[in-house]
Amino acid sequence: MEHDLQLRAAARAIYDACYPTEDWSPLGFDEAERLRTVHYRQAVGAAHHARAALARSGEQLALPVIA
């Protein structure tokens, strides 16, 4: 997902909101992304769904770029 920075930022925001502590997921976003964990894949799927929903409503998904 390194080529789609907006989608990655959305996935990170969703991941951090859904898995805020080690009780929810023992890995941070970057490590989960590297390992392609189920938590990471769920966050990416949610980001795709959010993008589609916002596109249908005429909104743009404008999120900060993560370096």
Side-chain angles (χ1 to χ4, degrees):
M1 241 189 346
E2 50 279 343
H3 62 280
D4 191 336
L5 297 178
Q6 283 190 330
L7 186 63
R8 184 173 188 271
R12 178 186 288 272
I14 291 165
Y15 186 93
D16 290 344
C18 292
Y19 311 112
T21 67
E22 284 187 6
D23 293 334
W24 295 94
S25 175
L27 303 174
F29 179 80
D30 293 327
E31 187 72 4
E33 180 182 35
R34 186 179 71 75
L35 297 172
R36 303 290 194 254
T37 66
V38 66
H39 300 95
Y40 167 79
R41 294 191 312 269
Q42 290 172 334
V44 170
H48 279 287
H49 288 294
R51 174 182 276 176
L54 291 171
R56 281 192 301 271
S57 69
E59 300 289 327
Q60 276 192 332
L61 186 60
L63 299 168
V65 175
I66 299 171

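None of these values were measured; they are calculated from a predicted model.
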Novice: Using the side chain to side chain contact (heavy atoms under 4.5 Å, CB included) rule, take Glu33 and Arg12 through it: C-alpha gap first, then chi angles, then the decisive distance, then the call.
Specialist: CA-CA 9 Å; Glu33 180 182 35; Arg12 178 186 288 272; 5.7 Å; no
Novice: Looking only at heavy atoms, what is the nearest atom pair of Tyr15 and Ala32, with distance?
Specialist: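 That closest heavy-atom pairing would be OH-CB, 3.4 Å.
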Novice: Which value, rounded to the nearest 0.5 Å, describes the distance between Phe29 atom CZ and His39 atom NE2?
Specialist: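 One gets 13.5 Å once the value is rounded to the nearest 0.5 Å.
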Novice: In the single-linkage hydrophobic clustering (I, L, V, M, F, W, Y; side-chain heavy atoms under 4.5 Å), do Tyr19 and Val38 co-cluster?
Specialist: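 Shared cluster, no.
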Novice: Counting only N and O atoms by type, is there a donor-acceptor contact under 3.5 Å from the side chain of Arg41 to the main-chain atoms of Arg36?
Specialist: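 Yes: the side chain of Arg41 pairs with the backbone of Arg36.
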Novice: Can you see which heavy atom on Ala11 is nearest to which on Ala43, and at what distance?
Specialist: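 Shortest heavy-atom contact: O-CB, 3.5 Å.
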Novice: Would Leu27 end up clustered with Ile14 when hydrophobic side chains under 4.5 Å apart are linked, directly or stepwise?
Specialist: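 As far as the 4.5 Å side-chain criterion goes, Ile14 and Leu27 are not connected within one cluster.
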Novice: What distance separates Glu31 CD from Arg34 CZ, expressed to the nearest 0.5 Å?
Specialist: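 Between Glu31 CD and Arg34 CZ, I get 4.0 Å after rounding to 0.5 Å.
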